[in-house]
Amino acid sequence: MSTEETPTASRHFIQQQIDADLAAGRVKHVHTRFPPEPNGYLHIGHAKSICLNFGLAKEYAGPEGPRFNLRFDDTNPAREEQEYVDAIMDDVRWLGADWESRLYHASDYFETHYGWAVELIKAGHAYVCDQTAEQVRETRGTLTEAGTPSPYRGRSVEENLDLFKRMRGGEFADGAKTLRAKIDMSAANVNLRDPVMYRIKHTSHQRTGDAWCLYPAYDWAHGQGDAMEGITHSICTLEFENHRPLYDWYLDRLQALKLLPGERPRQIEFARLNLTYTVMSKRKLLQLVQEKHVAGWDDPRMPTLRGLRRRGYTAESIRAFCERIGVTKQNSTIDMLWLEDAVRDHLNETAPRRMAVLRPLKLVLTGYADGSALPPSDSVKVCKLDNHPQHPELGSRSVPLTRELWIEQDDFMEDAPKQFFRLKPGGAVRLRGAGMAICQEVIKDATGEVVELRCVFDPDTTALVEGKKVKGTIHWVPVEGSVEAEVRLYDHLFGVEEPDRAPEGETFLHNLNKHSLERLTAKLEPDLATACAGESYQFERIGYFFVDPIDSRAGAPCFNRTVTLRDTWGKVADK
RNA sequence: UGGGGAUUGGUGUAAUCGGUAGCACGACGGAUUCUGAUUCCGUUAGUCGGGGUUCAAGUCCCUGAUCCCCAGCCA
């Protein structure tokens, strides 16, 4: 009985490396972490990292569950804020990654880092340097020329120990001294030319307050934090590949000094996510917010998790997206369509359907198709519509068909080509869930603008009848009883696929899409009056819309368009 | 020859020891449909270039090209 596994989904290079580590006995389990710096909000690129790290922890979970840490890389108090810490935790949780009780901060380890640095000094691996930042830069050499050693490189252990202690004590001004690792000023890898381990910053830290005026640099803090937490695979983006020798160098020294156990973390790099029509750098996102090109970090046009959430993206769709794009070391730019497809997929399954008219045109029912008069009451009939055509279990709701209706301006054409299946003079369409309307008269205003259509209604067609089929079905909303609401239509924040590719002398801001937001007052079917903040609906034939949690009021919802429906007619019409 | 990494259809990716270049998205065509949605079917198109080894090369060897990262007391 061979239970040979059928080749399932192929495994990406990180999974393969972990498999090899496990097989070789180099590690006994897998423990990952997500290490954000709290100096900005998380964006879709971070989501890729979170999904990767948490996904691996889940995939390789032992009986005690996934081992996944959230660790704030708070080593630079000058740029980090509690506001970001709170938002990051909220976003990570929302995405579905669970760090359980394993919430850590690089600052939790400041004392340990300090003690280890003292040991490195004692072992002759680090020294206090009095060079200014400028001098360090000048003596580092270039990419093709070796640097020259600092004149302080030969200080005695005793002097280094004394100076380092006094640095901690606050005796020296910012920038006056640094602690540097003594590695190799002629290393081809510039990161190994005696990198700074500590710099003096008399700045209070959002967690440790004024306890320290000495802060560890990233390279000195990161790998050691990984090691302390028992991280087995430290996964980061490609730009840190050049730092791996330094990551290993610190770990090697600490292991040699018996300060670390035999099992140690391993750094693996993958290509960060790039998306068309947007920018991903924290600096640029900050600039968009500060210069008010967007309404805030949670502006639905932003690629931030907060923006995406407010736009109506679901955590499930973002996870599916991250799964679909894969993990490699190739720099690539994913088409925004993939992200949009991912929400469409999810919302198509889950979002209840409703009717909404974005750009209203009045349609008046003047009588029945057989010439008889409509009932005396305004309501011609009450229509029952399914909330989801593929999921009848989601129930239905009623929409009154009245004498006066709103339909979409786009759904009427006076001189229509023959592929146009909607309303035209003398033509018939199906009013969704109601029956057929036949256009008998087109009313225009003084400027020739179509302002009203007069139609007759065919009640025999409420159920489908043979011989009375019509190709087009349009949505509608009763004038009496409809709800008016603000609807925001969002488009790409940037008008070009690669916003960073700006003309000479211009920045990425030059490529901002001036029409990325359009506000409309739409007419909605009555049921939508009670739509609640945070709900998603499909407005049939238009797109998916999310009830804005901030601007909506009870009984007065406000909708953000998450994404349009696929529109094959739109493509035809463009030609 | 500064160091490090990458290169497979339009896009994103897969191919275990060298053995039928596969999947998805898109595009295009068609079927179904009370959403021009969804769903379903089909078509399309690829190993960066040049040599070499081999019965057989995306994979191994040689050589060239292109792209990305690195000279913060940022991460």
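The pair A:E239-A:R272 counts as a salt bridge, with a side-chain nitrogen and a carboxylate oxygen less than 4.0 angstrom apart. Between A:E408 and A:R359 there is no salt bridge, since none of the side-chain N atoms of the basic residue sits less than 4.0 Å from a carboxylate O of the acidic one. Checked for salt-bridge contact, A:R11 and A:E59 meet the test: a charged N lies under 4.0 Å from a carboxylate O. Under 4.0 Å is where a charged nitrogen must lie from a carboxylate oxygen, and between A:R71 and A:D226 at least one such pair does. With salt bridges taken as basic N to acidic carboxylate O contacts below 4.0 Å, one links A:D194 and A:R153. With salt bridges taken as basic N to acidic carboxylate O contacts below 4.0 Å, one links A:R266 and A:D21. Salt bridge A:K424/A:D411: absent, no basic N to carboxylate O contact under 4.0 Å. The pair A:R324-A:D341 does not meet the salt-bridge criterion, since no charged nitrogen lies less than 4.0 angstrom from a carboxylate oxygen. Here A:D74 does not pair with A:R79 in a salt bridge; the nearest charged N to carboxylate O distance is not below 4.0 Å.
No side-chain N or O of A:Q224 forms a donor-acceptor pair with one of A:H113 less than 3.5 Å apart.
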Check nucleotides 31-35 of chain B for protein N or O atoms closer than 3.5 Å to its own N or O atoms and list the pairs.
| residue | atom | partner | partner atom | Å |
| --- | --- | --- | --- | --- |
| B:C34 | O2' | A:R432 | NH2 | 2.4 |
| B:C34 | O2 | A:G433 | N | 3.1 |
| B:C34 | N3 | A:R430 | NH1 | 3.3 |
| B:C34 | N3 | A:G433 | N | 3.0 |
| B:C34 | N4 | A:T462 | O | 2.9 |
| B:U35 | O4' | A:E540 | OE1 | 3.4 |
| B:U35 | N1 | A:E540 | OE1 | 3.3 |
| B:U35 | O2 | A:Q538 | OE1 | 3.1 |
| B:U35 | O2 | A:R541 | N | 2.9 |
| B:U35 | N3 | A:Q538 | OE1 | 2.6 |
| B:U35 | O4 | A:R353 | NH1 | 2.5 |

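Closest contact between the side chain of A:T144 and the listed nucleotides B:G5, B:A24, B:G2 involves B:G2.
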**Request:** Indicate for each nucleotide in nucleotides 69-74 of chain B, in 5' to 3' sequence, whether protein heavy atoms under 4.0 Å reach the base (B), only the sugar-phosphate (S), or nothing (-).
**Result:** BBBSBB
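Within the structure, a side-chain polar atom (N or O) of A:Q16 is placed less than 4.0 Å from OP1 or OP2 of B:A15. For A:T568 and B:A37, the shortest distance from a side-chain N or O to OP1 or OP2 is below 4.0 Å. Residue A:Q330 places none of its side-chain N or O atoms closer than 4.0 Å to OP1 or OP2 of B:C68.
With a glycosidic angle no more than 90° from 0, B:G72 adopts the syn conformation. Annotated as syn: B:C17, whose glycosidic dihedral is within 90° of 0.
A donor-acceptor pair under 3.5 Å links the side-chain atoms of A:H475 to the main chain of A:A356, judged by distance alone.
Spacing between B:C17 and B:G72 at atom C1', rounded to whole Å, works out to 47 Å. For B:G2 and B:U63, the P atoms lie 16 Å apart once the distance is rounded to whole Å. Taking atom C1' on both B:A24 and B:G3, the two are 37 Å apart, rounded to the nearest angstrom. Here, B:U16 and B:U43 have their C1' atoms 32 Å apart, quoted to the whole Å. A gap of 14 Å separates the C1' atoms of B:A57 and B:U20, to the nearest Å. If you take atom P in B:A15 and the same atom in B:G52, they sit 29 Å apart, rounded to whole Å. Annotation: B:U59 and B:U1 have their C1' atoms spaced 26 Å apart (nearest Å). If you take atom C1' in B:C23 and the same atom in B:U8, they sit 13 Å apart, rounded to whole Å.
Between A:I325 atom CD1 and B:C23 atom C1' the separation is 16 Å, expressed in whole Å. Atoms CE (A:M185) and P (B:G2) sit 20 Å apart, rounded to a whole Å. Spacing between atom CG of A:L52 and atom P of B:G12 amounts to 18 Å, rounded to whole angstrom units. When the P atom of B:G4 is taken as reference, atom CG of A:L192 falls 12 Å away, rounded to whole Å. Atom CZ of A:F321 is separated from atom C1' of B:G12 by 10 Å (rounded to the nearest Å). The distance from atom CD of A:E497 to atom C1' of B:G26 is 12 Å, rounded to the nearest whole Å. Taking atom CD of A:E408 as the reference point, atom P of B:G36 lies 12 Å away to the nearest angstrom. Spacing between atom CD of A:E269 and atom P of B:A75 amounts to 18 Å, rounded to whole angstrom units.
Within a 6.0 Å sphere centred on CD of A:E241, other residues, nucleotides and ligands contribute more than 12 heavy atoms. Crowding of A:R501 atom CZ: a count of heavy atoms from other residues, nucleotides or ligands under 6.0 Å not exceeding 12.
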**Item:** Paired and unpaired positions of RNA chain B as dot-bracket, Watson-Crick or G-U wobble under 3.5 Å, | denoting a partner strand
**Value:** .((((((..((((.....[..))))((((((.......))))))...(((((..]....))))))))))).....
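When each of A:D345 and A:D73 is assigned the nucleotide of RNA chain B bearing its nearest heavy atom, the one mapping closer to the 5' terminus is A:D345. Mapping A:I334 and A:E241 onto RNA chain B via the closest heavy atom, the residue that lands nearer the 5' end is A:E241.
Taking the six-membered ring where tryptophan is involved, the planes of A:Y218 and A:F240 are tilted, since the angle between them lies from 30° to 60°.
Within 4.0 Å of A:F420, counting heavy atoms only, lies at least one base atom of the nucleic acid.
The base of B:G36 is paired with the side chain of A:R422 by a donor and an acceptor separated by under 3.5 Å.
Here A:F421 counts as stacked on B:G36: its ring centre is under 5.5 angstrom from the base ring centre and the planes meet at under 30°.
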